[in-house]
*Asks:* 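Please find one structure pasted underneath; my questions will follow.
All values reported here derive from a predicted model rather than from experimental measurement.
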Amino acid sequence: MQDFFEIARTDFAAAFEGAWMFPVLLFSVLWILLKERDKLKKLLLCGVPALFLFLYWCPFTGILFMKLLGQNVYWRLLWLILLAVVIPYAACMILKELSVVQRQVAFVVMMAGLAFCGKNVLSPEWFEPSTNVYKLPQNVIEVCELLPGNIHALVSNRLMPYIRQCDPTITLEYGRNALVYNSITNTDIEGQVLYLEAQKPEIDLAVLAPLAKEQGCTFLVLSSSRTYLGAWEDYGYQEYASTDEFCIFVDQDYKEGQDTRKWEE
């Protein structure tokens, strides 16, 4: 029970913290209760928000919804409170009772209140300006600027979704769907063994390099945080270039301008 209230409190604060929406909602509900004469509208605009607030905070219904929806999405129950209907309706009722001049002033004040009621959508918390014309992560651009075209490469998972958007002549050993291999623990399939070895913090080059050669991976782009057992030169690779986040290794048999792309049916 204590866990329920902690989750409910945390989700409620995350939904309304830093904004005036909930106090405005309460004021709107009270105003409609006092001023609205239509009983059906009162029921819909005041009863429905009250009902969902009760369902949200009641431990019995709350725990049931958590089991049905999952704890991670329980806060979405708050979406069912008719914020976008109740608040504008109450505002229209207030404006209706004012004179023409008062109405215009009140409307401007309300719009200003809404403008300062929450967070700026385009704030740095949610968005950051693009640093390149491709609108791709800068670390991808930095790697692509170092890689030649017409090659076949094994790259870090962080680069997989973007590499071919920057340079479509590069083919990737695992395309963009390699994450399906993450659920595999034991395997004898060479391609899967290669993938799993490349994910380790400490990579055994005696395992990775021969398999990479066999799969035709001319370039290997791995996180600079990796450490290696063995020397790359002993297995037919050498360091080619690096960025702040990635190290690039190349097959020693590769010649500049050589087309090593791997085409799959």
Side-chain angles (χ1 to χ4, degrees), residues 120-184 190-264:
N120 184 356
V121 174
L122 299 178
S123 65
E125 181 180 356
W126 309 110
F127 292 91
E128 61 182 33
S130 175
T131 55
N132 55 74
V133 295
Y134 302 95
K135 294 182 171 55
L136 296 175
Q138 187 60 28
N139 56 5
V140 177
I141 303 301
E142 291 172 358
V143 169
C144 286
E145 287 177 345
L146 294 171
L147 289 174
N150 303 315
I151 61 166
H152 185 66
L154 183 155
V155 303
S156 168
N157 285 350
R158 287 182 286 153
L159 300 174
M160 280 181 190
Y162 309 107
I163 286 282
R164 284 178 51 79
Q165 295 181 55
C166 187
D167 187 347
T169 70
I170 298 174
T171 57
L172 303 177
E173 178 62 19
Y174 298 104
R176 291 176 294 174
N177 303 311
L179 295 182
V180 297
Y181 290 160
N182 283 348
S183 59
I184 298 172
E190 291 182 347
Q192 295 178 2
V193 173
L194 173 60
Y195 175 81
L196 295 176
E197 187 64 35
Q199 310 315 306
K200 295 178 180 178
E202 191 173 75
I203 297 174
D204 188 348
L205 296 184
V207 176
L208 180 134
L211 288 175
K213 279 259 192 182
E214 206 168 299
Q215 298 298 320
C217 300
T218 311
F219 283 81
L220 309 176
V221 185
L222 304 172
S223 172
S224 56
S225 64
R226 299 286 191 266
T227 56
Y228 308 102
L229 299 176
W232 284 99
E233 291 76 10
D234 295 340
Y235 298 98
Y237 285 90
Q238 65 187 32
E239 187 168 345
Y240 180 81
S242 64
T243 68
D244 290 341
E245 296 183 53
F246 299 99
C247 291
I248 304 173
F249 302 93
V250 62
D251 189 325
Q252 290 177 338
D253 297 328
Y254 171 74
K255 296 179 181 178
E256 198 71 31
Q258 180 183 354
D259 190 333
T260 67
R261 286 175 293 181
K262 180 180 177 182
W263 302 103
E264 296 182 357

*Asks:* Any non-hydrogen side-chain atom of Leu220 less than 4.5 Å from a side-chain atom of Val155?
*Replies:*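 They are not in contact (no side-chain heavy atoms under 4.5 Å apart), so the answer is no.
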*Asks:* Which residue is it: Thr218, Val250, Thr169, Ile248? I am looking for the one with a side chain to side chain contact (heavy atoms under 4.5 Å, CB included) to Leu147.
*Replies:*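 Checked Thr218, Val250, Thr169, Ile248 against Leu147; only one passes side chain to side chain contact (heavy atoms under 4.5 Å, CB included): Ile248.
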*Asks:* What is the distance from atom SG of Cys144 to atom CZ of Arg164, rounded to the nearest 0.5 Å?
*Replies:*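 Result: 11.0 Å between the selected atoms.
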*Asks:* With side chains defined as the heavy atoms from C-beta onward, is the minimum distance between Leu194 and Tyr174 less than 4.5 Å?
*Replies:*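 Of all side-chain heavy-atom pairs linking Tyr174 with Leu194, at least one is under 4.5 Å.
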*Asks:* Heavy atoms, side chains only, cut-off 4.5 Å: are Asn150 and Thr260 in contact?
*Replies:*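 No. Closest side-chain heavy atoms not under 4.5 Å.
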*Asks:* Any side-chain heavy atom of Asp167 sitting closer than 4.5 Å to one from Ile170?
*Replies:*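 SC-SC contact between Asp167 and Ile170 confirmed.
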*Asks:* Under 3.5 Å, is there a donor on one side chain and an acceptor on the other for Thr171 and His152?
*Replies:*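 Side-chain D/A pair, Thr171 to His152: present.
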*Asks:* What's the spacing between Leu222 CG and Lys200 NZ if we round to 0.5 Å?
*Replies:*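 Result: 13.5 Å between the selected atoms.
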*Asks:* Just how far is it from atom CD of Glu197 to atom CD of Glu190, taken to the nearest 0.5 Å?
*Replies:*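 Spacing of CD (Glu197) from CD (Glu190) equals 13.5 Å.
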*Asks:* Do Tyr228 and Asp204 come close enough that some side-chain heavy atom pair is under 4.5 Å?
*Replies:*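 The answer is no; the side chains never approach within 4.5 Å.
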*Asks:* So do the side chains of Leu208 and Val193 get within less than 4.5 Å of each other, counting heavy atoms only?
*Replies:*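 The answer is no, as the side chains (C-beta and beyond) never meet within the 4.5 Å cut-off.
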*Asks:* Given side-chain contact (heavy atoms from CB on, under 4.5 Å), test Leu229 with Ile203 step by step and report yes or no.
*Replies:* CA-CA 6 Å; Leu229 299 176; Ile203 297 174; over 6 Å; no
*Asks:* Does a side-chain heavy-atom distance below 4.5 Å link Cys247 with Trp232?
*Replies:*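 No, too far: nothing below the 4.5 Å cut-off.
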*Asks:* Of the non-hydrogen atoms in Arg226 and Ala198, which two are nearest, and what is the gap between them?
*Replies:*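 Residues Arg226 and Ala198, closest heavy atoms: NE-O, 3.5 Å.
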*Asks:* Using 0.5 Å steps for rounding, measure from the CD atom of Glu142 to the SG atom of Cys166.
*Replies:*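 Glu142 atom CD to Cys166 atom SG measures 11.0 Å (nearest 0.5 Å).
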*Asks:* What do the steps show when you test Gln199 against Asn157 for side chain to side chain donor-acceptor pair (under 3.5 Å), and what is the final call?
*Replies:* CA-CA 9 Å; Gln199 310 315 306; Asn157 285 350; 3.2 Å; yes
*Asks:* Would Gln258 and Asp253 count as a side-chain contact (heavy atoms from CB on, under 4.5 Å) if you check the C-alpha gap in whole Å, the side-chain angles of each, and the deciding distance to 0.1 Å?
*Replies:* CA-CA 10 Å; Gln258 180 183 354; Asp253 297 328; over 6 Å; no
*Asks:* Could you measure the distance from the OH atom of Tyr237 to the CG atom of Leu205? Nearest 0.5 Å is fine.
*Replies:*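 Tyr237 atom OH to Leu205 atom CG measures 10.5 Å (nearest 0.5 Å).
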*Asks:* If you take all heavy atoms of Leu136 and Gln165, which pair is closest and at what distance?
*Replies:*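 Answer, listing the atom of Leu136 first, then Gln165: CD2-OE1, 3.5 Å.
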*Asks:* Set out, in order, the CA-CA distance, both residues' side-chain angles and the distance that settles side-chain contact (heavy atoms from CB on, under 4.5 Å) for Ile151 and Arg261, then state yes or no.
*Replies:* CA-CA 5 Å; Ile151 61 166; Arg261 286 175 293 181; 5.7 Å; no
*Asks:* Evaluate the side-chain proximity of Phe249 to Glu239: yes if any heavy-atom separation is below 4.5 Å, no if none is.
*Replies:*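 Glu239 reaches Phe249 side chain to side chain.
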*Asks:* Flag the pair Phe219 / Tyr254 as yes when their ring centroid distance falls below 6.0 Å, and as no otherwise.
*Replies:*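 Centroid separation for Phe219 and Tyr254: below 6.0 Å.
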*Asks:* Okay, side chain of Gln215, backbone of Ala212: is any donor-acceptor separation there less than 3.5 Å?
*Replies:*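 No; zero donor-acceptor contacts below 3.5 Å.
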*Asks:* With side-chain contact (heavy atoms from CB on, under 4.5 Å) as the test, would you mind laying out the steps for Arg158 and Ser223 before giving the verdict?
*Replies:* CA-CA 9 Å; Arg158 287 182 286 153; Ser223 172; 3.5 Å; yes
*Asks:* Starting at CD1 of Ile163, measure out to CG of Leu172 and round the result to the nearest 0.5 Å.
*Replies:*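 That separation rounds to 6.5 Å.
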*Asks:* Have Asn139 and Tyr162 got a donor and an acceptor in their side chains that come within less than 3.5 Å?
*Replies:*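 Side chains of Asn139 and Tyr162: no pair found under 3.5 Å.
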